[in-house]
Amino acid sequence: MASEATVLTVGGPHGDREVRISSPSRVLWPEDGITKLDLARYLVEVGDAFVAANGNRPVSLQRFSDGINGEQFFSKNPPKGTPEYVRAVAVTYPSGRSHPQLVIDEPAAAVWAAQMNTVVFHPWPSLASDPDNPDQLRIDLDPQPGTSFDDAIPAAIELRSLLDEVGLSAFIKTSGNRGLHVFAPIEPVREFLDVRHAVIAAARELERRMPQKVTTAWWKEERGERIFVDFNQANRDRTMAGAYSPRAIAGAPVSCPIEWDELEKITPQDFTVLTVPDRLHTVGDPWAGMQAKPGRIDELLGWWERDVAAGLGELPFPPDFPKMPGEPPRVQPSRARKVPEA
């Protein structure tokens, strides 16, 4: 491994910055020979679109000190030596604890994160200026064993139609793995629990329309060969890979925004650290201007209240969250204590 550092010139809103990349030949994706310098150059190439999608948001950095097959950890607060152009914002976690969390405001900050061996970027669905009120409704369509990316496509198309019915404009990206992420810009006037309930309402309605194809069952043993609508990604401090973020998977795939009319023509493997820069230069950013016309979740919350009145209430939270009012038991169904017959 080369010992010399490389300095990249990274343009941005405040002019050029010089970002030092140490150990530039460190291989992050060993199956593909893609290095730390390759990742940094990728972030330079996609920098404007990356910041448009992920900037001005609290972000967690998923870091790999010895490539994607080695140890990993998450950085949330600014580590020692953070440059002056990388800021932080105080956020409140589900525990009630408040702590500063990193914010990326320009491409140089993303390249600096690559210098810190960040592979995956996890932005919050809320802005740094208002971290308690999401400005994005996010829905994760997660293929279960026995299903594939192709099975998620009709679910995404129906979900887009459903969101349109309630006045929300849907944008889509590949997850970078097997699934799809559907986003809708919303006015930041509701807190996380409301947005979670809106997501659950949309998920339940999608499940009603496609009962053989889609499930909201939290327990894996109950999902079957269906697409799981992961409502728990809507919780505070729960994030998914950001748009244009690489994934720690062989092939160096990228979670890539696409146009809806591309959905049935592409595969997740089309979008990688090596291919996405050329795509951006030729077809542009499908998410440009996403936040221009945010909608409201009021109608989805009306669906939530309708379902609650019909006996459908809260769904389980992640096990590391405090117990929530009205939450059903977190015991896996097959492990639940059997009540003896009389």
Would you say the side chain of [Y] lies within less than 4.5 Å of the side chain of [X], judging by non-hydrogen atoms?
X: Trp124; Y: Val59; answer: no
X: Asn56; Y: Leu127; answer: yes
X: Arg20; Y: Trp112; answer: no
X: Ile200; Y: Leu312; answer: no
X: Pro316; Y: Pro328; answer: yes
X: Lys36; Y: Val27; answer: no
X: Val120; Y: Pro246; answer: no
X: Ile266; Y: Phe271; answer: yes

Does [X] reach the main-chain N or O of [Y] with its side chain, forming a donor-acceptor pair under 3.5 Å?
X: Asn54; Y: Ala243; result: yes
X: Asp230; Y: Asn232; result: yes
X: Arg236; Y: Thr92; result: yes
X: Thr35; Y: Asp38; result: yes
X: Ser95; Y: Arg97; result: yes
X: Arg247; Y: Ser175; result: yes
X: Ser126; Y: Pro134; result: no
X: Thr275; Y: Asp270; result: yes
X: Arg26; Y: Ser23; result: no
X: Gln136; Y: Ile186; result: no

Do [Y] and [X] have ring centroids that are under 6.0 Å from one another?
X: His122; Y: Phe74; result: yes
X: Tyr244; Y: Phe121; result: no
X: Phe231; Y: Trp218; result: yes

Using a cut-off of 6.0 Å, state whether more than 12 heavy atoms not belonging to [X] lie near its atom [atom1].
X: Glu221; atom1: CD; value: yes
X: Lys323; atom1: NZ; value: yes
X: Glu18; atom1: CD; value: yes

Salt bridge between [X] and [Y], side-chain N to carboxylate O under 4.0 Å?
X: Arg208; Y: Asp307; value: yes
X: Arg279; Y: Glu262; value: yes
X: Asp237; Y: Lys76; value: yes
X: Asp151; Y: Lys213; value: no
X: Asp130; Y: Arg57; value: no
X: Arg17; Y: Glu106; value: yes
X: Glu187; Y: Arg190; value: no

Shortest non-hydrogen contact from [X] to [Y]?
X: Tyr42; Y: Val273; answer: CD1-O, 3.2 Å
X: Phe149; Y: Pro268; answer: CD1-CG, 3.5 Å
X: Arg306; Y: Glu205; answer: NH2-OE1, 3.6 Å
X: Ala155; Y: Val214; answer: CB-CG2, 3.9 Å
X: Ala170; Y: Arg160; answer: CB-CG, 3.9 Å
X: Ala5; Y: Ser22; answer: CB-CA, 4.1 Å

Please say yes or no: joined through hydrophobic side-chain contacts below 4.5 Å, possibly via intermediate residues, are [X] and [Y] part of one cluster?
X: Phe171; Y: Leu162; answer: no
X: Met324; Y: Leu193; answer: yes
X: Val111; Y: Val103; answer: no
X: Leu315; Y: Leu137; answer: yes
X: Ile153; Y: Val229; answer: yes

What's the spacing between [X] [atom1] and [Y] [atom2] if we round to 0.5 Å?
X: Lys173; Y: Cys256; atom1: NZ; atom2: SG; result: 9.5 Å
X: Leu263; Y: Asp261; atom1: CG; atom2: CG; result: 9.5 Å
X: Leu39; Y: Ile21; atom1: CG; atom2: CD1; result: 8.5 Å
X: Ser75; Y: Gln62; atom1: OG; atom2: CD; result: 10.5 Å
X: Thr216; Y: Glu222; atom1: OG1; atom2: CD; result: 9.5 Å
X: Glu158; Y: Leu141; atom1: CD; atom2: CG; result: 11.5 Å

Residues Arg209, Glu165; criterion salt bridge (charged side-chain N to carboxylate O under 4.0 Å, His left out); working and verdict: CA-CA 14 Å; Arg209 299 182 185 190; Glu165 290 174 24; 2.9 Å; yes
Any side-chain donor near an acceptor of the partner, Gln233 and Arg238, under 3.5 Å: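 No.
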Aromatic ring pairing Trp287/Phe183, orientation class (parallel under 30°, perpendicular over 60°, tilted between):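 The arrangement is tilted - the two ring planes meet at 30° to 60°.
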Worked verdict on Asp48 versus Asp285 for side chain to side chain contact (heavy atoms under 4.5 Å, CB included): CA-CA 10 Å; Asp48 290 341; Asp285 178 14; over 6 Å; no
Criterion side chain to side chain donor-acceptor pair (under 3.5 Å) on Arg63 and Asn117, from CA distance to verdict: CA-CA 5 Å; Arg63 297 166 57 185; Asn117 300 307; over 6 Å; no
His197 vs Glu305, side chain to side chain donor-acceptor pair (under 3.5 Å): CA-CA, chis, key distance, verdict: CA-CA 9 Å; His197 289 163; Glu305 295 297 339; over 6 Å; no
From CA spacing to verdict: side chain to side chain donor-acceptor pair (under 3.5 Å), Thr147, Glu225: CA-CA 6 Å; Thr147 64; Glu225 294 184 0; over 6 Å; no
Side chain to side chain contact (heavy atoms under 4.5 Å, CB included) evaluation trace for Asp135 with Gln291: CA-CA 8 Å; Asp135 71 332; Gln291 298 294 141; 3.4 Å; yes
Residues in side chain to side chain contact (heavy atoms under 4.5 Å, CB included) contact with Val166, at least two apart in sequence or another chain: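 Side chain to side chain contact (heavy atoms under 4.5 Å, CB included) check on Val166 returns Leu168, Glu299, Leu300, Trp303.
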